[in-house]
Amino acid sequence: MDLEFDDKMPIYLQIMDRIKMDIATEKLKANDKLPSVREMATKLKVNPNTLQRAYQELERFGIVYTQRGMGTFVGERENMIDDLKQEMAKEVMDSFILRMKRLGFTEQEIIESISKNIIEVKQHV
Amino acid sequence: MYNILKAENLCKSYFNKKALRGANLTIQQGKIVGLLGPNGSGKTTFLKIAAGILHPSSGKLLIDGQEPGVYTKSIVSYLPDTEYFLKWMKIKDAIQYFKDFYADFDEKKAAELLEFMKLDTNSSVKSLSKGMKEKLKLTLVLSRKAKLYILDEPLGGVDPTAREKILDAIINNFSENSSMIITTHLVNDIERIFDDVAFISDGEIVLQGNAEELRLSKNQSIDELYREVFQ
(Lines give C-alpha, C1' and ligand atoms only; values in the text may rest on other atoms or scores of the structure.)
Protein backbone atom coordinates (compact mmCIF):
# COMPACT_ATOMS: atom_id res chain seq x y z
CA MET A 1 0.00 0.00 0.00
CA ASP A 2 1.55 3.24 -1.11
CA LEU A 3 0.17 6.40 0.30
CA GLU A 4 0.98 10.03 -0.23
CA PHE A 5 0.02 11.88 2.90
CA ASP A 6 -1.40 15.32 3.19
CA ASP A 7 0.25 16.41 6.42
CA LYS A 8 -2.47 19.01 6.97
CA MET A 9 -4.91 16.25 7.91
CA PRO A 10 -4.62 13.74 10.73
CA ILE A 11 -2.58 10.83 9.43
CA TYR A 12 -4.74 8.16 11.07
CA LEU A 13 -7.83 9.40 9.20
CA GLN A 14 -5.97 9.17 5.90
CA ILE A 15 -4.87 5.62 6.66
CA MET A 16 -8.45 4.70 7.58
CA ASP A 17 -9.74 6.21 4.32
CA ARG A 18 -7.22 4.28 2.32
CA ILE A 19 -8.16 0.97 3.92
CA LYS A 20 -11.87 1.72 3.46
CA MET A 21 -11.19 2.51 -0.18
CA ASP A 22 -9.32 -0.78 -0.63
CA ILE A 23 -12.25 -2.66 0.90
CA ALA A 24 -14.84 -0.80 -1.19
CA THR A 25 -12.93 -1.55 -4.38
CA GLU A 26 -12.40 -5.14 -3.22
CA LYS A 27 -8.63 -4.94 -3.24
CA LEU A 28 -9.07 -6.17 0.31
CA LYS A 29 -11.66 -8.88 0.79
CA ALA A 30 -13.54 -10.17 3.83
CA ASN A 31 -11.20 -11.95 6.27
CA ASP A 32 -8.04 -10.76 4.51
CA LYS A 33 -5.28 -10.13 7.00
CA LEU A 34 -4.03 -6.56 7.24
CA PRO A 35 -0.28 -5.99 7.66
CA SER A 36 0.81 -5.77 11.30
CA VAL A 37 0.97 -2.35 12.89
CA ARG A 38 4.76 -2.45 12.89
CA GLU A 39 5.01 -3.58 9.27
CA MET A 40 2.63 -0.92 8.06
CA ALA A 41 4.23 1.78 10.23
CA THR A 42 7.63 1.07 8.71
CA LYS A 43 6.26 0.99 5.21
CA LEU A 44 4.39 4.27 5.54
CA LYS A 45 7.05 5.80 7.80
CA VAL A 46 4.57 6.81 10.45
CA ASN A 47 4.45 6.37 14.20
CA PRO A 48 3.23 2.88 15.20
CA ASN A 49 0.77 4.54 17.62
CA THR A 50 -0.84 6.35 14.67
CA LEU A 51 -1.45 3.03 12.93
CA GLN A 52 -2.71 1.48 16.12
CA ARG A 53 -5.22 4.28 16.33
CA ALA A 54 -6.33 3.84 12.70
CA TYR A 55 -6.87 0.09 13.26
CA GLN A 56 -8.71 0.71 16.53
CA GLU A 57 -11.05 3.22 14.94
CA LEU A 58 -11.76 0.87 12.04
CA GLU A 59 -12.54 -1.83 14.56
CA ARG A 60 -14.86 0.48 16.44
CA PHE A 61 -16.83 0.98 13.23
CA GLY A 62 -16.92 -2.78 12.67
CA ILE A 63 -14.88 -2.57 9.48
CA VAL A 64 -12.07 -4.77 10.75
CA TYR A 65 -11.75 -7.23 13.62
CA THR A 66 -8.78 -8.32 15.70
CA GLN A 67 -7.93 -11.82 16.75
CA ARG A 68 -5.62 -11.97 19.69
CA GLY A 69 -2.14 -13.04 18.65
CA MET A 70 -3.24 -13.44 15.04
CA GLY A 71 -3.63 -9.93 13.75
CA THR A 72 -6.24 -7.64 12.25
CA PHE A 73 -8.63 -8.82 9.55
CA VAL A 74 -11.16 -7.29 7.19
CA GLY A 75 -14.67 -7.72 8.57
CA GLU A 76 -17.34 -9.71 6.77
CA ARG A 77 -20.43 -7.74 7.68
CA GLU A 78 -23.19 -7.93 5.10
CA ASN A 79 -23.47 -4.87 2.85
CA MET A 80 -20.18 -3.50 4.15
CA ILE A 81 -18.82 -2.84 0.68
CA ASP A 82 -22.00 -1.08 -0.37
CA ASP A 83 -22.10 0.90 2.85
CA LEU A 84 -18.50 2.01 2.44
CA LYS A 85 -19.09 2.96 -1.17
CA GLN A 86 -22.16 4.98 -0.21
CA GLU A 87 -20.27 6.66 2.61
CA MET A 88 -17.34 7.62 0.42
CA ALA A 89 -19.56 8.68 -2.48
CA LYS A 90 -21.42 10.96 -0.11
CA GLU A 91 -18.19 12.59 1.02
CA VAL A 92 -17.12 13.17 -2.59
CA MET A 93 -20.50 14.62 -3.54
CA ASP A 94 -20.89 16.77 -0.46
CA SER A 95 -17.56 18.43 -1.08
CA PHE A 96 -18.29 18.76 -4.81
CA ILE A 97 -21.68 20.37 -4.23
CA LEU A 98 -20.29 22.67 -1.58
CA ARG A 99 -17.52 23.86 -3.88
CA MET A 100 -19.88 24.35 -6.82
CA LYS A 101 -22.17 26.41 -4.60
CA ARG A 102 -19.23 28.50 -3.49
CA LEU A 103 -18.54 29.16 -7.16
CA GLY A 104 -22.09 30.51 -7.41
CA PHE A 105 -23.83 27.65 -9.23
CA THR A 106 -27.49 27.05 -8.48
CA GLU A 107 -28.73 23.53 -7.75
CA GLN A 108 -30.27 23.28 -11.20
CA GLU A 109 -27.03 24.41 -12.82
CA ILE A 110 -25.06 21.85 -10.80
CA ILE A 111 -27.32 19.03 -12.03
CA GLU A 112 -27.06 20.25 -15.60
CA SER A 113 -23.29 20.53 -15.48
CA ILE A 114 -23.04 16.99 -14.08
CA SER A 115 -25.14 15.55 -16.94
CA LYS A 116 -23.08 17.47 -19.46
CA ASN A 117 -19.76 16.37 -17.94
CA ILE A 118 -20.76 12.74 -17.59
CA ILE A 119 -21.21 12.57 -21.36
CA GLU A 120 -17.83 14.22 -21.92
CA VAL A 121 -16.06 11.92 -19.49
CA LYS A 122 -17.70 8.88 -21.08
CA GLN A 123 -16.21 9.82 -24.43
CA HIS A 124 -12.76 9.93 -22.87
CA VAL A 125 -12.86 6.69 -20.87
CA MET B 1 -0.79 7.56 31.67
CA TYR B 2 2.64 7.37 33.27
CA ASN B 3 5.03 10.28 32.70
CA ILE B 4 8.61 9.16 32.11
CA LEU B 5 9.88 12.74 32.06
CA LYS B 6 8.55 15.81 33.76
CA ALA B 7 10.19 19.22 33.62
CA GLU B 8 8.84 22.04 35.74
CA ASN B 9 9.88 25.63 35.40
CA LEU B 10 13.32 24.54 34.23
CA CYS B 11 15.90 27.33 33.96
CA LYS B 12 19.50 27.31 32.88
CA SER B 13 21.85 30.25 32.52
CA TYR B 14 25.35 30.34 31.14
CA PHE B 15 26.79 33.39 32.89
CA ASN B 16 24.31 36.08 31.87
CA LYS B 17 22.89 34.22 28.86
CA LYS B 18 19.60 32.53 29.67
CA ALA B 19 19.28 29.31 27.68
CA LEU B 20 16.14 28.03 29.41
CA ARG B 21 13.57 30.33 30.98
CA GLY B 22 11.10 28.15 32.84
CA ALA B 23 10.52 25.30 30.42
CA ASN B 24 7.65 22.91 31.24
CA LEU B 25 7.35 19.60 29.45
CA THR B 26 6.01 16.13 30.15
CA ILE B 27 6.65 12.98 28.18
CA GLN B 28 4.36 9.99 28.54
CA GLN B 29 5.44 6.41 28.37
CA GLY B 30 5.17 4.94 24.88
CA LYS B 31 5.26 8.29 23.09
CA ILE B 32 7.60 9.87 20.59
CA VAL B 33 7.86 13.58 21.24
CA GLY B 34 9.32 16.09 18.82
CA LEU B 35 11.10 19.01 20.48
CA LEU B 36 11.10 21.60 17.73
CA GLY B 37 12.82 24.92 17.58
CA PRO B 38 15.43 26.90 15.67
CA ASN B 39 19.12 26.98 16.53
CA GLY B 40 19.77 28.57 19.91
CA SER B 41 16.23 28.03 21.21
CA GLY B 42 17.40 25.82 24.09
CA LYS B 43 16.75 22.33 22.69
CA THR B 44 20.22 20.95 23.31
CA THR B 45 20.46 22.51 26.76
CA PHE B 46 17.16 20.88 27.69
CA LEU B 47 18.34 17.49 26.48
CA LYS B 48 21.69 17.81 28.20
CA ILE B 49 19.94 18.38 31.51
CA ALA B 50 17.77 15.32 30.89
CA ALA B 51 20.87 13.31 30.02
CA GLY B 52 22.51 14.37 33.28
CA ILE B 53 25.32 16.32 31.65
CA LEU B 54 24.25 19.78 32.81
CA HIS B 55 22.63 20.88 36.05
CA PRO B 56 19.64 23.20 35.93
CA SER B 57 20.09 26.66 37.45
CA SER B 58 16.59 26.39 38.96
CA GLY B 59 13.39 24.43 38.51
CA LYS B 60 13.40 20.68 38.24
CA LEU B 61 13.44 17.82 35.83
CA LEU B 62 12.52 14.29 36.86
CA ILE B 63 13.01 11.11 34.90
CA ASP B 64 11.06 8.10 36.14
CA GLY B 65 10.48 10.18 39.27
CA GLN B 66 14.14 10.88 39.95
CA GLU B 67 16.55 13.73 39.40
CA PRO B 68 19.19 13.09 36.73
CA GLY B 69 22.00 10.98 38.18
CA VAL B 70 23.35 7.45 38.21
CA TYR B 71 19.92 5.81 38.08
CA THR B 72 18.49 7.98 35.30
CA LYS B 73 21.64 7.53 33.21
CA SER B 74 21.07 3.79 33.38
CA ILE B 75 17.63 4.14 31.79
CA VAL B 76 18.30 7.01 29.38
CA SER B 77 19.98 6.41 26.05
CA TYR B 78 21.32 9.68 24.70
CA LEU B 79 22.43 10.58 21.20
CA PRO B 80 24.30 13.88 21.42
CA ASP B 81 24.58 16.22 18.45
CA THR B 82 28.36 16.11 18.72
CA GLU B 83 30.84 13.42 17.89
CA TYR B 84 32.31 11.35 20.67
CA PHE B 85 34.18 8.56 18.94
CA LEU B 86 37.90 8.26 19.55
CA LYS B 87 40.10 8.47 16.49
CA TRP B 88 41.68 5.03 16.79
CA MET B 89 38.36 3.21 17.07
CA LYS B 90 36.95 0.73 14.65
CA ILE B 91 33.20 0.19 14.66
CA LYS B 92 33.64 -2.98 16.69
CA ASP B 93 35.60 -1.03 19.32
CA ALA B 94 32.79 1.49 19.60
CA ILE B 95 30.36 -1.41 20.09
CA GLN B 96 32.63 -2.92 22.76
CA TYR B 97 32.87 0.48 24.45
CA PHE B 98 29.09 0.74 24.72
CA LYS B 99 28.81 -2.85 25.86
CA ASP B 100 31.27 -2.23 28.68
CA PHE B 101 29.56 0.98 29.67
CA TYR B 102 25.89 0.01 29.65
CA ALA B 103 24.39 -3.07 31.27
CA ASP B 104 21.33 -2.83 29.01
CA PHE B 105 23.33 -2.97 25.77
CA ASP B 106 21.96 -5.70 23.50
CA GLU B 107 24.71 -7.07 21.27
CA LYS B 108 22.34 -9.05 19.11
CA LYS B 109 20.31 -5.97 18.37
CA ALA B 110 23.48 -4.02 17.58
CA ALA B 111 24.49 -6.70 15.07
CA GLU B 112 21.05 -6.51 13.43
CA LEU B 113 21.16 -2.75 13.25
CA LEU B 114 24.70 -2.71 11.85
CA GLU B 115 23.55 -5.02 9.11
CA PHE B 116 20.47 -2.92 8.44
CA MET B 117 22.64 0.20 8.23
CA LYS B 118 25.18 -1.64 6.07
CA LEU B 119 28.05 -0.83 8.41
CA ASP B 120 31.13 -3.03 8.55
CA THR B 121 32.46 -3.68 12.07
CA ASN B 122 36.05 -3.55 10.80
CA SER B 123 35.75 -0.03 9.37
CA SER B 124 37.67 2.61 11.17
CA VAL B 125 35.40 5.26 12.66
CA LYS B 126 37.41 8.17 11.31
CA SER B 127 36.98 6.89 7.75
CA LEU B 128 33.17 7.11 7.97
CA SER B 129 31.17 9.76 6.15
CA LYS B 130 28.90 12.06 8.13
CA GLY B 131 25.84 10.01 7.23
CA MET B 132 27.53 6.77 8.26
CA LYS B 133 28.65 8.27 11.55
CA GLU B 134 25.06 9.28 12.29
CA LYS B 135 23.95 5.75 11.46
CA LEU B 136 26.57 4.33 13.82
CA LYS B 137 25.60 6.71 16.61
CA LEU B 138 21.97 5.73 16.20
CA THR B 139 22.86 2.03 16.12
CA LEU B 140 24.66 2.34 19.44
CA VAL B 141 21.90 4.33 21.08
CA LEU B 142 19.03 2.11 19.86
CA SER B 143 20.87 -1.05 20.89
CA ARG B 144 20.29 -0.20 24.50
CA LYS B 145 17.06 -1.32 26.17
CA ALA B 146 16.37 2.09 27.66
CA LYS B 147 13.18 3.62 29.00
CA LEU B 148 13.87 6.98 27.43
CA TYR B 149 15.77 7.65 24.22
CA ILE B 150 17.02 11.17 23.67
CA LEU B 151 17.99 11.91 20.09
CA ASP B 152 19.52 15.32 19.46
CA GLU B 153 19.32 16.11 15.74
CA PRO B 154 19.58 12.54 14.45
CA LEU B 155 18.98 13.79 10.89
CA GLY B 156 21.38 16.73 10.94
CA GLY B 157 23.59 16.95 7.87
CA VAL B 158 22.47 13.58 6.51
CA ASP B 159 21.43 12.99 2.89
CA PRO B 160 17.81 11.99 2.08
CA THR B 161 18.44 8.25 1.58
CA ALA B 162 20.39 7.98 4.82
CA ARG B 163 17.59 9.96 6.46
CA GLU B 164 15.04 7.36 5.36
CA LYS B 165 17.20 4.60 6.73
CA ILE B 166 17.50 6.39 10.05
CA LEU B 167 13.73 6.96 10.22
CA ASP B 168 13.09 3.29 9.46
CA ALA B 169 15.48 2.24 12.20
CA ILE B 170 13.73 4.53 14.68
CA ILE B 171 10.25 3.23 13.78
CA ASN B 172 11.33 -0.43 13.74
CA ASN B 173 13.10 -0.30 17.04
CA PHE B 174 10.74 1.83 19.03
CA SER B 175 8.98 -0.14 21.74
CA GLU B 176 5.73 0.88 23.37
CA ASN B 177 7.29 0.50 26.82
CA SER B 178 9.83 3.20 26.10
CA SER B 179 9.63 6.84 25.10
CA MET B 180 11.59 9.04 22.81
CA ILE B 181 12.38 12.70 22.51
CA ILE B 182 13.77 13.90 19.22
CA THR B 183 14.93 17.38 18.32
CA THR B 184 15.07 18.59 14.77
CA HIS B 185 14.56 21.56 12.57
CA LEU B 186 13.87 19.31 9.58
CA VAL B 187 10.25 19.00 10.63
CA ASN B 188 8.89 17.98 7.27
CA ASP B 189 10.93 14.78 7.06
CA ILE B 190 9.99 13.45 10.41
CA GLU B 191 6.67 14.89 11.56
CA ARG B 192 4.76 11.69 10.88
CA ILE B 193 6.59 9.80 13.56
CA PHE B 194 5.69 12.18 16.38
CA ASP B 195 2.88 11.49 18.82
CA ASP B 196 3.31 14.86 20.47
CA VAL B 197 5.22 17.96 19.55
CA ALA B 198 6.58 20.76 21.70
CA PHE B 199 7.75 24.05 20.23
CA ILE B 200 10.60 25.68 22.08
CA SER B 201 11.39 29.33 21.55
CA ASP B 202 13.92 31.38 23.44
CA GLY B 203 14.14 28.89 26.31
CA GLU B 204 10.40 28.37 26.78
CA ILE B 205 7.95 25.76 25.56
CA VAL B 206 5.46 27.94 23.69
CA LEU B 207 3.15 25.25 22.35
CA GLN B 208 2.72 21.58 23.14
CA GLY B 209 0.17 19.08 21.95
CA ASN B 210 -0.79 15.90 20.17
CA ALA B 211 0.38 16.10 16.55
CA GLU B 212 -2.86 14.70 15.08
CA GLU B 213 -5.04 17.01 17.14
CA LEU B 214 -2.95 20.01 16.14
CA ARG B 215 -3.35 19.08 12.47
CA LEU B 216 -7.08 18.75 12.95
CA SER B 217 -7.59 21.97 14.91
CA LYS B 218 -5.19 24.16 12.92
CA ASN B 219 -5.78 22.54 9.53
CA GLN B 220 -2.03 22.73 9.05
CA SER B 221 0.86 20.35 8.93
CA ILE B 222 3.29 20.45 11.85
CA ASP B 223 5.85 21.84 9.41
CA GLU B 224 3.55 24.73 8.49
CA LEU B 225 2.74 25.33 12.12
CA TYR B 226 6.47 25.40 12.87
CA ARG B 227 7.02 28.01 10.18
CA GLU B 228 4.19 30.08 11.58
CA VAL B 229 5.45 29.94 15.16
CA PHE B 230 9.06 30.70 14.21
CA GLN B 231 8.60 33.03 11.25
Side-chain angles (χ1 to χ4, degrees), chain A residues 1-22 33-61 63-64 66-72 87-88 91-92 94-96 98-99 102, chain B residues 1 27-34 36 112-113 116 142 149 155 160-161 163-182 186-197 209-228:
Chain A
M1 178 163 118
D2 264 330
L3 190 47
E4 281 288 317
F5 288 106
D6 172 1
D7 286 328
K8 285 190 178 71
M9 279 175 39
I11 310 292
Y12 80 96
L13 289 177
Q14 297 179 62
I15 296 169
M16 285 173 69
D17 278 350
R18 178 53 190 260
I19 293 172
K20 285 192 217 162
M21 175 77 99
D22 284 352
K33 188 175 185 297
L34 294 176
S36 72
V37 164
R38 181 74 58 172
E39 233 175 290
M40 192 90 125
T42 314
K43 200 150 179 230
L44 301 176
K45 300 200 194 311
V46 301
N47 185 313
N49 293 327
T50 308
L51 260 156
Q52 190 69 47
R53 181 160 179 198
Y55 279 14
Q56 271 167 3
E57 291 285 304
L58 286 169
E59 187 164 7
R60 206 161 61 83
F61 290 112
I63 294 166
V64 302
T66 312
Q67 271 190 327
R68 215 162 236 294
M70 302 279 288
T72 305
E87 182 196 319
M88 280 184 284
E91 276 171 29
V92 173
D94 284 354
S95 96
F96 167 75
L98 192 74
R99 285 161 70 186
R102 276 199 206 128
Chain B
M1 192 67 98
I27 298 176
Q28 293 175 345
Q29 189 179 30
K31 302 279 172 164
I32 302 179
V33 178
L36 312 176
E112 279 170 23
L113 274 160
F116 178 75
L142 292 179
Y149 295 88
L155 304 177
T161 41
R163 229 174 258 172
E164 290 219 339
K165 208 79 176 159
I166 287 175
L167 278 181
D168 284 348
I170 293 174
I171 294 169
N172 279 332
N173 293 285
F174 177 66
S175 112
E176 56 217 34
N177 303 319
S178 57
S179 311
M180 224 178 242
I181 178 164
I182 304 177
L186 298 164
V187 183
N188 191 26
D189 285 322
I190 197 175
E191 69 166 84
R192 279 176 230 151
I193 77 162
F194 296 141
D195 286 291
D196 296 330
V197 289
N210 176 277
E212 296 278 60
E213 275 154 30
L214 285 171
R215 287 188 189 105
L216 194 62
S217 66
K218 310 264 182 192
N219 209 5
Q220 272 179 326
S221 68
I222 301 302
D223 189 42
E224 286 166 330
L225 190 57
Y226 178 89
R227 283 160 209 272
E228 196 178 280

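In what follows, chains are A, B, ... by sequence order, proteins preceding strands, each numbered from 1. All values derive from a computational prediction rather than experimental measurement.
Between B/R192 and A/I11 the shortest heavy-atom distance is CG-CD1, 3.8 Å. The nearest pair of heavy atoms linking B/R215 to A/D7 is CD-O, 2.9 Å. The two atoms that bring A/T50 and B/E212 nearest to each other are CG2-OE2, 3.4 Å, heavy atoms only. Residues A/N47 and B/D195 come closest through the heavy atom pair ND2-OD2, 2.9 Å. Residue B/F174 comes nearest to A/N49 through the heavy atom pair CE2-ND2, 4.5 Å, listed as atom of the first residue, atom of the second, then distance.
Around atom NZ of A/K33, more than 12 heavy atoms belonging to other residues, nucleotides or ligands sit under 6.0 Å away. The 12-atom threshold is not exceeded at CD of B/E176, counting heavy atoms of other residues, nucleotides or ligands nearer than 6.0 Å. Open room surrounds CZ on B/R227; 12 or fewer heavy atoms of other groups in view lie less than 6.0 Å from it.
Atom OG1 in A/T42 sits 12.0 Å away from atom CD1 in B/I170 (nearest 0.5 Å). In this structure, A/E39 CD and B/I171 CD1 are separated by 13.5 Å, a value rounded to the nearest 0.5 Å.
If you measure heavy-atom distances from B/D189 to chain A, you find no contacts under 4.5 Å at all. In this structure, chain A has a heavy atom under 4.5 Å from the side chain of B/E191, while its backbone stays farther away.
Residues B/D168 and A/K45 are in side-chain contact: their nearest non-hydrogen atoms beyond the backbone lie under 4.5 Å apart.
Looking only at heavy-atom pairs under 4.5 Å with chain B, the residue among A/Q52, A/M9, A/R38, A/R53 that has the most is A/R38.
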